[in-house]
Q: 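Got a structure for you, written out below as structure tokens; questions coming shortly.
Every chain is numbered from 1, with letters handed out A, B, ... down the list of sequences.
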Amino acid sequence: MTEQETRTAGYDVAAVQEKWRRVWDELNPFQAADDGSRERRYALTMFPYPSGDLHMGHAEVMALHDVIARYWWQRGYDVLNPIGWDSFGLPAENAAIRRDENPATYTYANIETQAESFRCYAVSFDWSRRLHTSDPEYYRWTQWLFLRFRERGLAYRRFSPVNWCPNDQTVLANEQVVQGMCERCGAEVTKRELSQWYFKVTDYAQRLLDDMGALESTWPERVLAMQRNWIGRSEGAHVDFVVDASTGSGQGTRKVTVFTTRPDTLFGATFFVVAADARLADELCAPEQRAAFDAYLAEVRKASDIDRLSTERPKTGVFLGRYVTNPVNGERIPVWAADYVLADYGTGAIMAVPGQDQRDWDFAERFDLPIVRTVRPPEGWEGKAYVGEGPAVNSANDAVSLDGLDVDEAKRVIMDYLERQGTGTRAVNFRLRDWLLSRQRYWGCPIPIVHCPGCGEVPVPDDQLPVELPDLRGADLKPKGTSPLAAAEEWVNVACPSCGGPAKRDSDTMDTFVDSSWYFLRYCSPDYEDGPFDEERVRDWMPAEQYVGGVEHAILHLLYSRFFTKVLHDMGMVDFVEPFTALLNQGQVINQGKGMSKSLGNGVDLGEMIDRYGVDAIRLTMVFAGPPEDDIDWADLSPGGALRFLQRAWRLSGDVTSPPGTSPGASEGAREGAGDVALRKVTHKTLHEVEQLIESHRFNVVVARTMELVNATRKAVDTGCGPGDPAVREAAETVAILLSLVAPYLAEEMWARLGHEPTVARVGWPAVDPTLLVEDSVTAVVQVQGKLRAKLQVGPDVSEADLQAAAMADPHVQRALAGSTVRRVIVRAPKLVNIVTG
RNA sequence: GCGCCCGUAGCCCAAUAGGCAGAGGCACAGGAUUUAGGUUCCUGCCAGUGUGAGUUCGAGUCUCACCGGGCGCACCA
């Protein structure tokens, strides 16, 4: 092959990948030293779920994440970049039922496939720390944490209505119900009454909210907004209403409490509504209304959440035959049950103020209930309920008057009054509910509790952990509405750890989000046997400096992980309260404007793409596509173009004729002041800019700058200083280092052709020579009335006076100024002069 | 309904602290190289920044309204 042919043929992508993988396996360049010799940085990416092989989404997130991790390595940090698998979960279980095997078979086979793909994809993971949440060595500690949470009163069991997915045959957390549907399978979620385990995340609602302040500039605004929304803090009051004794059960007075954000409207509360499906409704129902109530409740139960969520639906309800007394005006107001009031928000009961709330207005209209306005609507108000600002009206009794006060004042006055009277208190309410963690499925972490007829709930002693899953397979795993574990007689029947008598294990497993709420801590000491993690190692590495992953976890995984971290902080196990200092949400990879899906037939196979273009070109395509947080449409991209660019870069490494070590940047053997200055300036400017671009996550621009450097070097070789100039070597070596962040195989190949030993990934970031960043001259723009009239070449440190003088003297400017008087001159040396005429 | 984000060439995207709208790429066209295709090299092509106002010496960038697109929440009292 002649040299000409070599140049045009390009490099053999597959052979290069094969070659360097072996070398890297040998060198193991990305294992964290973890010895304190260098500053530590923790680069974390959301660990994958092992379903099938990697797809385009993985390719994108890993390409982006790896730019950061590899950059940190080059900058000389000790980087922790671990990988593991979130390996419990339903898909493996469903596959096992179909294949008549244990879910572990499918799970661990997929993990091997994905691990192999990650290696091929050349992500700079530290493979020595690999973990799987379904390993007993891991879930032992998930169980241990559960028991510690329980000891602190943060894990408890409660019998109450829960979300039930009829398809997956298990309960779901609120966070897993999206628009009334199961987040996983899309089935309509129904309600069931079950005894289930919960984490008391509500105890941390305020702190989850408050600590977001520290994340303000480093987390995406929308994720913070979503979490705030989800936590849903509202300030208001609890107000007590006394149940009318004349119709009551006779013994003493009973109070019912409501939560309201508008205590100022209390004088307008003309009726009272209890959530139909709340126990309170049942308790308050008078005997003569029992039949009507039961019939109504049956109707409500039939309606799905989807129907209930529709605000268009006419209001329904039933009178309970009971009255309560409005604490401020002594009015007896009727108690209704309705489904527009939610059983699990606030107290499950509201004071209805139709004058100031549209829902209450609709209900009042429907059932002909009285309406009293307590805020005067503006002149010409045509609407119904008025929720805006205005003076209070109709709001006075013998002891207190709100009339004339604005909403905030009225709230303050009425609350002072209620608190004096002992009929109400200021209160904060959250939308956030406790996290339901039980699941009636097999392939999850067993709950380490034994139910004993004598002793009740008994925790499995720490030294008996883990409670391992029994080996069930195939039909034994079929969902039956109770956990498959309940039917595993040998497993479920145990001696009570407390009294030794016959008892049964808790047969539910934990939500897989429990597993993933602490995995990032385990990475710091994955083989630690005296606890979930080595606290010292965690102090060294955590919080994770950069977390990269999809926005789909904005309020699931991320909220739960924040909660876990705060609990561990309170337990004294970690010294920080937020686990992830910065968060980057990559966009989705779509195709032709739509998400890839089997039904649309627009899926793109990652393996095929890699076969065709190679790993480097795919990674480069992902990184170059656009800002990392934007969706990228595969149809808009050109992996072929990426490959062509890589070949251009590669050819540079073959063109360099100077020997290794002669780059002007190299400290030894380099001659001071050698090398084409123009090219050196491009090289150093590129390096300098790239540093800033990576810090601000503008990776697409990093690629663009690298392309410019390649173009400039090409020009220097062909028509400039020639291939032997030291500046050309410096430029080519810089290109290799820049590309080591994105295209590791090609970069390594270039590095070798430039006469160096592997690995380019760890050679270190070149020092930028500040003298090369200074321009000899800059272009100053001269505007007259904002219009461009002249361009001047001036020194970068030209004085304002000199620049102004030069501008005024320019013939083009003179012409533009002819006949007019200069009123003002704005000088922004060295870039601009703007002359304003009168 | 409430809240947030985004509109720059045919397409994807750049443009510190408001200061020459175009860095990079895709596509397309022409030329050179090539037996041809492909490759490679060179050249060209195209917008005045969704619309309208405002602030300013100066606005893609700041403010307001509207149009268009996307996302989140939504009977949460």
Side-chain angles (χ1 to χ4, degrees), chain A residues 4-5 7-10 179 220-230 232-234 236 258-262 265 269 273 275 308-313 315 338-342 344-353 356-360 362-363 387 429-433 551 554-555 620-621 624-627 629-633 635-642 644-645 647-648 651 689 692-693 696 698 700-711 714-715 718-719 779-791 823-828 831-837:
Chain A
Q4 186 64 28
E5 280 170 321
R7 275 188 55 175
T8 54
Q179 316 255 301
E221 184 48 47
R222 68 171 167 160
V223 171
L224 297 176
M226 281 163 78
Q227 291 212 3
R228 279 198 192 95
N229 227 321
W230 188 260
R233 182 184 199 271
S234 31
V258 299
F259 175 75
T260 177
T261 55
R262 293 295 302 274
T265 64
V273 189
R308 274 190 66 148
L309 287 172
S310 166
T311 39
E312 306 301 305
R313 205 170 50 110
K315 293 279 179 288
D339 68 353
Y340 82 94
V341 173
L342 306 174
D344 52 1
Y345 182 77
T347 62
I350 62 155
M351 63 178 214
V353 186
Q356 267 74 234
D357 186 291
Q358 188 57 43
R359 297 156 298 182
D360 297 344
D362 293 342
F363 195 82
V387 298
N429 198 59
F430 293 95
R431 208 186 78 107
L432 182 73
R433 318 288 157 80
V551 74
I555 45 178
L620 183 77
T621 303
F624 186 48
E629 52 280 327
D630 287 6
D631 284 352
I632 58 184
D633 193 330
D636 293 335
L637 306 178
S638 173
R644 280 201 299 277
F645 163 69
Q647 307 249 6
R648 273 164 61 81
R651 278 203 315 280
E689 259 186 274
Q692 295 166 342
L693 289 166
S696 49
R698 286 181 295 169
N700 54 326
V701 189
V702 170
V703 174
R705 294 289 171 266
T706 308
M707 288 171 166
E708 284 177 65
L709 179 56
V710 168
N711 291 344
R714 177 85 263 148
K715 204 160 265 172
D718 291 346
T719 58
T779 305
V781 177
V782 185
Q783 298 175 332
V784 178
Q785 296 291 77
K787 282 206 178 72
L788 178 68
R789 291 302 182 192
K791 292 182 182 185
R823 295 190 54 184
R824 205 172 147 191
V825 182
I826 289 111
V827 184
R828 292 283 177 274
K831 296 180 76 173
L832 174 126
V833 177
N834 190 11
I835 301 161
V836 186
T837 59

Q: With P as the reference atom in both, quote the distance from B/U63 to B/U56 in angstrom, rounded to an integer.
A: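 Comparing P positions in B/U63 and B/U56 gives a spacing of 16 Å.
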
Q: Give the minimum heavy-atom separation between A/M351 and A/A269, together with the two atoms involved.
A: CB-CB, 4.1 Å

Q: To the nearest angstrom, how far is A/R431 atom CZ from B/G72 atom C1'?
A: 11 Å

Q: Does B/A27 have OP1 or OP2 sitting under 4.0 Å from an N or O in the side chain of A/R644?
A: yes

Q: In whole angstrom, give me the gap between the P atoms of B/A17 and B/C12.
A: 25 Å

Q: Measuring from A/F645:CZ to A/N711:CG, what's the distance to the nearest 0.5 Å?
A: 8.0 Å

Q: State, yes or no, whether a side-chain contact exists between A/V833 and A/Q783 at a heavy-atom distance under 4.5 Å.
A: no

Q: For B/G52, what is the paired nucleotide under Watson-Crick or G-U wobble rules, both distances under 3.5 Å?
A: B/C64

Q: Could you pull out the closest heavy-atom pair between A/I826 and A/R828, with the gap in Å?
A: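 Smallest heavy-atom distance, with atoms named: CG2-NH1, 3.8 Å.
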
Q: Looking at A/S234, is its backbone amide N or carbonyl O close enough to the side chain of A/N429 to form a donor-acceptor pair, meaning the two atoms are under 3.5 Å apart?
A: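 It does not hold such a pair.
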
Q: Which part of the nucleic acid, if any, lies within contact of A/F430, taking any heavy atom under 4.0 Å across all strands shown: a base, the sugar-phosphate backbone alone, or nothing?
A: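 It contacts nothing in the nucleic acid.
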
Q: Expressed as a whole number of angstroms, how long is the span from A/Q647:CD to B/U39:C1'?
A: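 About 9 Å, once rounded to whole Å.
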
Q: Under 4.0 Å, heavy atoms only, any strand: does A/A625 hit a base, just the sugar-phosphate, or nothing?
A: sugar-phosphate

Q: Check this one for me: any side-chain N or O of A/R228 less than 4.0 Å away from OP1 or OP2 of B/C73?
A: no

Q: To the nearest 0.5 angstrom, please state how far the CG atom of A/N834 sits from the CG atom of A/L788.
A: 10.5 Å

Q: Considering only atom C1', compute the distance from B/U40 to B/C20 and round it to an integer number of Å.
A: 34 Å

Q: What's the separation between atom CD in A/E689 and atom CG in A/L709, rounded to the nearest 0.5 Å?
A: 11.0 Å

Q: With both distances under 3.5 angstrom, what nucleotide forms a Watson-Crick or G-U wobble pair with B/U39?
A: none

Q: Once you apply the 3.5 Å cut-off to both distances, tell me the Watson-Crick or G-U wobble partner of B/A17, or none.
A: none

Q: Pick out the pairs of N or O atoms, protein on one side and nucleotides 1-11 of chain B on the other, that lie under 3.5 Å.
A:
none

Q: Is the A/Y340 ring parallel, tilted or perpendicular to the A/F363 ring (thresholds 30°, 60°)?
A: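 Ring orientation, 0 to 90° scale: tilted.
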
Q: Should A/V551 and A/R222 be marked as a side chain to side chain contact (heavy atoms under 4.5 Å, CB included) after you check the CA-CA gap, both sets of side-chain angles, and the distance that decides it?
A: CA-CA 9 Å; A/V551 74; A/R222 68 171 167 160; 3.7 Å; yes

Q: From the list B/C13, B/A77, B/G24, which nucleotide is the closest neighbour of the side chain of A/F624?
A: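 Between B/C13, B/A77, B/G24, the one nearest the side chain of A/F624 would be B/G24.
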
Q: Does a nitrogen or oxygen in the side chain of A/Y345 sit under 4.0 Å from OP1 or OP2 of B/A77?
A: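 The answer is yes; a side-chain N or O of A/Y345 sits under 4.0 Å from OP1 or OP2.
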
Q: Please report the shortest heavy-atom distance between A/R431 and A/Y345, naming the atom on each side.
A: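 Taking every non-hydrogen atom into account, CA-CE1, 3.8 Å.
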
Q: Quick one: on RNA chain B, does A/R433 or A/K715 contact a more 5' nucleotide (nearest heavy atom)?
A: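 The residue whose closest nucleotide sits nearer the 5' end is A/K715.
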
Q: Quantified in whole Å, what is the C1' atom distance between nucleotide B/U49 and nucleotide B/U35?
A: 49 Å

Q: Looking for any heavy atom pair under 4.0 Å, which part of the strands does A/R233 touch: base, sugar-phosphate only, or nothing?
A: nothing

Q: In whole Å, what is the span from the CG atom of A/L342 to the P atom of B/C75?
A: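 The distance from CG of A/L342 to P of B/C75 comes to 7 Å, rounded to the nearest Å.
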
Q: C1' atom, B/C5 versus B/A21: distance in rounded Å?
A: 24 Å

Q: Please determine, for the side chain of A/R714, which listed nucleotide (B/C41, B/G24, B/A77) has the closest atom?
A: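 From the listed options, B/C41 comes nearest.
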
Q: If you measure from CZ on A/R228 to CD on A/E221, what distance do you get to the nearest 0.5 Å?
A: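 Rounded to the nearest 0.5 Å, the CZ-CD separation comes to 6.0 Å.
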
Q: Ignoring backbone atoms, establish whether A/R705 has a side-chain N or O less than 4.0 Å from OP1 or OP2 of B/A14.
A: no

Q: Under 3.5 Å for both donor-acceptor distances, Watson-Crick or wobble: does B/A23 have a partner, and if so which one?
A: none

Q: Between atom CZ of A/R648 and atom CE of A/M707, what is the distance when rounded to the nearest 0.5 Å?
A: 9.0 Å

Q: In whole angstrom, what separates A/I632's CD1 from B/C26's P?
A: 17 Å

Q: If the C1' atom of B/G52 is compared with that of B/A59, how far apart are they to the nearest Å?
A: 15 Å

Q: A/E629 CD to B/C13 C1': how many Å, rounded?
A: 13 Å

Q: In whole Å, I'd like the distance from the CZ atom of A/R648 to the C1' atom of B/C42.
A: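 Atom-to-atom, A/R648 to B/C42, this comes out as 12 Å.
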
Q: Nearest of B/C73, B/A23, B/A77 to any side-chain atom of A/N229?
A: B/C73

Q: Pick the C1' atom in B/A27 and in B/G70, then give their distance to the nearest Å.
A: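 26 Å, rounded to whole Å.
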
Q: Atom pairs under 3.5 Å, N or O on each side, protein against nucleotides 18-20 of chain B: can you list them with distances?
A:
from: B/G19; atom 1: O6; to: A/R828; atom 2: NE; distance (Å): 3.3
from: B/G19; atom 1: N2; to: A/Q783; atom 2: OE1; distance (Å): 3.3
from: B/G19; atom 1: N2; to: A/N834; atom 2: ND2; distance (Å): 3.2
from: B/C20; atom 1: O2; to: A/K791; atom 2: NZ; distance (Å): 2.4

Q: Paired with B/G1 by Watson-Crick or G-U wobble geometry, both distances under 3.5 Å: which nucleotide is it?
A: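 B/C73 - that is the nucleotide pairing with B/G1, both distances being under 3.5 Å.
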
Q: Given that both distances must come in under 3.5 Å, which nucleotide forms a Watson-Crick or G-U wobble pair with B/C28?
A: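 Its partner is B/G44 (Watson-Crick or G-U wobble, both distances under 3.5 Å).
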
Q: State whether A/N711 places a side-chain N or O below 4.0 Å from either non-bridging phosphate oxygen (OP1 or OP2) of B/A23.
A: no

Q: A/M226 CE to B/A74 P: how many Å, rounded?
A: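 About 10 Å, once rounded to whole Å.
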
Q: Take the protein atom CG of A/N429 and the nucleotide atom P of B/A77, then report the distance between them rounded to whole Å.
A: 8 Å

Q: Looking only at heavy atoms, what is the nearest atom pair of A/V258 and A/I350, with distance?
A: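 In terms of heavy atoms, the two residues are closest at CG1-C, 3.5 Å.
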
Q: B/C26 and B/C41: how far apart are their P atoms, nearest whole angstrom?
A: 10 Å

Q: Any strand counts, and the cut-off is 3.5 Å on both contacts for Watson-Crick or G-U wobble. Which nucleotide pairs with B/U34?
A: none

Q: Is any side-chain N or O of A/N700 closer than 4.0 Å to OP1 or OP2 of B/C12?
A: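 So the side-chain polar atoms of A/N700 never come under 4.0 Å of the phosphate oxygens OP1 or OP2 of B/C12.
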
